[in-house]
Amino acid sequence: MTDPLNNSYYRATAKSWKTRPSFSQVNKYDVIVIGGGFTGLSAALACAEKGLKVALIEAKTIGFGASGRNGGQLIPGLRWSMRELDEEFGRERAQAIFDLAYGAVDRVKQRIDRHGIQCDLKNGHLEAAYKPAHFDAMQRDAEFLAREFGWKAQIVQPQNMERHIRGGGYHGGIYDPQGGHFHPLNYALGLAEAAEAAGVEIFENSFVRPEEVDAQNIIVATDTWTQDIDQRLGRYTIPIMNYNIATSPLESWQDFLPSDAAVADSRFVLNYFRLSADKRLIFGGGEKYVQTPPADIASFVRKHIAEVFPSLANAPIDYAWGGAVGVTMNRLPHLGRNGNIYFAHGFSGHGALVTTLAGELLAEAVTGTMERFDVLANLPHQPFPGGKFLSRPLATLGLLYYALRDRL
């Protein structure tokens with residue numbers, strides 16, 4: 001079966017694409033990183049900057065997984081609002097989480113600037129309320145975030161939504177100028193070049209498990225493929241399939257997204273969309289809880305486009321692709337350590353910013369600085385129930401329940 005990434009807009013417009021050799025352990029390394037997405041690349045780069053001898057091993061090619069297939073949306077924070085985190089963990093822990101999670105915005109932008117990564121970075125992200133009750137909750141969260149943590153976003157009343165989006169019938173939203181969007185695969189490729197310039201040896205098309213390599217420390221950054229690396233660790237996430245399309249360039253793009261902000265709505269099974277640098281609509285809609293892709297990805301996504309932008313229901317679609325997102329039980333990222341093995345995964349669709357943070361925290365941890373790493377590593381997590389064979393079916397039933405609530 002042809003991999004859906006082969007028809008990705010990102011793959012078609014990738015910069016500096018090159019192949020790298022397969023892994024054979026000739027050298028001794030301080031750190032071996034398994035996984036060539038945002039987390040692994042950031043970890044490898046940060047480790048090399050600390051003077052460590054580093055190898056990064058990717059089973060396919062750099063950015064092959066979610067890092068090179070996602071919607072490219074840069075959404076500050078985590079899946080939980082700061083109000084929820086504050087209520088659950090108290091102010092001291094919430095402040096530490098805020099400093100890291102919202103600080104991830106600057107980490108990504110600094111990496112892009114420092115290494116000259118050409119990834120079509122744009123500012124502005126809008127969360128759009130699917131229901132009036134969602135807007136009420138958004139306003140409370142935004143006001144709490146500004147009052148208690150000093151992070152200010154703009155509350156957009158329903159009658160003003162056309163400043164950002166002309167379609168969808170949304171009931172208001174929150175516009176965050178500090179969020180944004182980018183070309184994710186080019187960001188990954190840029191991180192890879194920066195890592196190699198810092199001395200990291202990168203190997204592709206090489207599937208390895210931690211017990212098969214020799215290094216003082218090992219970092220596992222394989223997200224939805226973690227089950228293949230470590231079955232016990234893999235029980236903490238399940239894969240959810242997402243699908244994206246890119247239309248032909250839109251001459252009248254201002255009629256749809258006049259502020260050029262990325263948009264994600266508030267449904268559990270959300271629609272998310274933005275404009276590319278060449279003004280194509282990149283649109284993700286719907287989810288599937290089985291890993292077999294639709295026979296026609298473009299048709300699968302097109303019906304969701306029609307709900308938001310009816311006039312684009314028959315717009316030409318030039319690219320259609322898909323990929324898996326690793327989701328945890330509580331939708332918070334799962335970081336931790338088992339002996340000399342460190343890991344980070346389960347970013348739950350909110351990882352374009354936090355993965356860079358996670359990689360740099362992993363680098364701190366392997367050099368003995370655990371304080372900031374422990375802020376996220378101490379978040380509570382439970383494996384999905386049901387063991388190896390039942391965890392995914394049971395989780396699917398729960399996800400379908402929440403998807404049904406979108407329709408009520």
Side-chain angles (χ1 to χ4, degrees), residues 1-6 20-25 29 31-44 55-70 188 192 202-215 217-242 287-293 321-329 333-349 351 355 358-359 362 381-396 399:
M1 180 182 296
T2 301
D3 187 87
L5 184 60
N6 287 339
R20 295 169 172 90
S22 298
F23 178 73
S24 60
Q25 181 135 14
Y29 299 97
V31 180
I32 287 180
V33 179
I34 302 175
F38 295 158
T39 305
L41 290 164
S42 299
L56 182 146
I57 306 171
E58 163 58 41
K60 299 293 186 179
T61 54
I62 293 299
F64 179 85
S67 294
R69 308 182 188 216
N70 67 77
I202 296 180
F203 303 93
E204 294 181 317
N205 299 303
S206 304
F207 177 84
V208 299
R209 295 184 173 89
E211 63 270 21
E212 298 171 338
V213 296
D214 182 19
N217 292 292
I218 298 169
I219 292 173
V220 176
T222 48
D223 202 41
T224 54
W225 282 274
T226 301
Q227 179 75 33
D228 298 330
I229 300 295
D230 182 328
Q231 288 190 3
R232 186 201 62 82
L233 191 57
R235 289 183 56 208
Y236 284 83
T237 65
I238 61 164
I240 293 180
M241 301 301 295
N242 277 250
E287 293 177 342
K288 287 179 73 68
Y289 306 124
V290 296
Q291 292 184 278
T292 302
W321 68 98
V325 174
V327 175
T328 60
M329 280 271 283
H334 185 212
L335 282 69
R337 174 188 182 184
N338 295 317
N340 72 330
I341 299 174
Y342 299 78
F343 61 86
H345 64 153
F347 297 96
S348 303
T355 43
L362 287 163
H381 283 282
Q382 294 291 330
F384 281 93
K388 178 179 179 181
F389 298 105
L390 291 178
S391 59
R392 290 184 182 178
L394 289 173
T396 297
L399 293 166

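Side chains are part of it too, since the values below use all heavy atoms of this structure and drop only hydrogens, waters and symmetry mates.
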Q: Hey, what's the ring geometry for Phe23 with Phe203, parallel, tilted or perpendicular (30° and 60° as the breaks)?
A: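 Answer is perpendicular, since the angle exceeds 60°.
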Q: Can you give me the closest heavy-atom contact between Ala215 and Val31, atom names plus distance?
A: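 That would be CB-C, 4.2 Å.
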Q: Pro383 versus Arg232: any side-chain heavy-atom pair under 4.5 Å?
A: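 Not in contact.
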Q: If you look at every heavy atom in Gly346 and Asp223, which pair is closest and at what distance?
A: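 Taking Gly346 first and Asp223 second, the nearest heavy atoms are N-OD1, 2.9 Å.
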Q: Supply the atom-to-atom distance Leu41 CG to Ile202 CD1, rounded to the nearest 0.5 angstrom.
A: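 Between atom CG of Leu41 and atom CD1 of Ile202 there are 6.0 Å.
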Q: Taking Thr224 for the side chain and Pro239 for the main chain, is one N or O donor matched with an acceptor at less than 3.5 Å?
A: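 No; zero donor-acceptor contacts below 3.5 Å.
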Q: To check you understand the geometry: which heavy-atom pair defines the closest contact between Ala188 and Gly63, and what is its length?
A: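 In this case the closest contact between Ala188 and Gly63 is CB-CA, 4.3 Å.
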Q: Spell out, as yes or no, whether a donor-acceptor pair under 3.5 Å connects the side chain of Ser67 to the backbone of Gly65.
A: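 A pair under 3.5 Å: no.
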Q: Would you indicate whether the side-chain heavy atoms of Phe347 and Asn70 approach each other to under 4.5 Å?
A: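 A side-chain contact is absent here, since even the closest heavy-atom pair is not under 4.5 Å.
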Q: Assess the residue pair Phe343 and Leu233 against the criterion (side chain to side chain contact (heavy atoms under 4.5 Å, CB included)); give the C-alpha distance rounded to whole Å, side-chain angles, the decisive distance to 0.1 Å, and a yes or no.
A: CA-CA 9 Å; Phe343 61 86; Leu233 191 57; 3.6 Å; yes
Q: Are Ile219 and Thr39 close enough, and set up right, to give a side chain to side chain contact (heavy atoms under 4.5 Å, CB included), and what steps lead you there?
A: CA-CA 10 Å; Ile219 292 173; Thr39 305; 5.9 Å; no
Q: Tell me whether Asn217 contacts the main-chain N or O of Ile341 through its side chain, where contact means a donor paired with an acceptor under 3.5 Å.
A: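 Side chain of Asn217 to backbone of Ile341, a donor-acceptor pair under 3.5 Å: no, none is there.
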Q: State whether the side chain of Ser206 and the backbone N or O of Ser22 hold a donor-acceptor pair below 3.5 Å, judged by distance alone.
A: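 Looks like no, no N/O pair under 3.5 Å.
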Q: Could you tell me the separation between the CD1 atom of Ile238 and the CD1 atom of Ile240, rounded to the nearest 0.5 Å?
A: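 Going from CD1 on Ile238 over to CD1 on Ile240, the span is 5.0 Å.
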Q: Looking only at heavy atoms, what is the nearest atom pair of Pro333 and His381, with distance?
A: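 Heavy atoms of Pro333 and His381 come nearest at O-NE2, 2.8 Å.
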Q: What is the minimum heavy-atom distance between Glu58 and Gly36, and which atoms define it?
A: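 Heavy atoms only, the tightest pair is OE1-N, 2.7 Å.
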Q: Please determine whether ring-ring contact (aromatic ring centres under 6.0 Å, His included) holds for the pair Tyr236 and His334, giving the CA-CA distance in whole Å, both sets of side-chain angles, and the decisive distance to 0.1 Å.
A: CA-CA 8 Å; Tyr236 284 83; His334 185 212; 4.4 Å; yes
Q: When rounded to the nearest 0.5 angstrom, what is the spacing between CZ in Phe207 and CD1 in Ile229?
A: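 Output value for this atom pair is 4.0 Å.
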Q: If you define the side chain from C-beta out and look only at heavy atoms, does anything of Arg235 sit under 4.5 Å from Phe384?
A: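 Arg235 does not reach Phe384 side chain to side chain.
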Q: To the nearest 0.5 Å, tell me how far Asn338 CG sits from Asp230 CG.
A: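 Answer rounded to 0.5 Å: 7.0 Å.
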Q: Measuring only between side-chain heavy atoms, which start at C-beta, is Val327 closer than 4.5 Å to Thr237?
A: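 No, every pair of side-chain atoms sits at 4.5 Å or beyond.
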Q: Run the numbers on Ile62 and Glu204 for side chain to side chain contact (heavy atoms under 4.5 Å, CB included), then give the verdict.
A: CA-CA 7 Å; Ile62 293 299; Glu204 294 181 317; 3.3 Å; yes
Q: Out of the candidates Ile218, Val33, Val213, only one should pair with Ile57 under the side-chain contact (heavy atoms from CB on, under 4.5 Å) rule; please name it.
A: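 Among the candidates, only Val213 passes.
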Q: To the nearest 0.5 Å, what is the distance between OG1 (Thr355) and NE2 (His345)?
A: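 If I round to the nearest 0.5 Å, the distance is 14.0 Å.
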Q: Mind checking what makes salt bridge (Lys or Arg N to Asp or Glu O under 4.0 Å) contact with Asp228, not counting sequence neighbours?
A: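 In terms of salt bridge (Lys or Arg N to Asp or Glu O under 4.0 Å), with neighbours along the sequence ignored, Asp228 is linked to no residue.
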Q: Tell me the closest heavy-atom pair linking Gly35 and Leu56, and the distance in Å.
A: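 Heavy-atom minimum between the residues: O-CD1, 3.7 Å.
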Q: How about CD on Glu211, more than 12 heavy atoms from neighbouring residues, nucleotides or ligands closer than 6.0 Å, or not?
A: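 Yes, enclosed.
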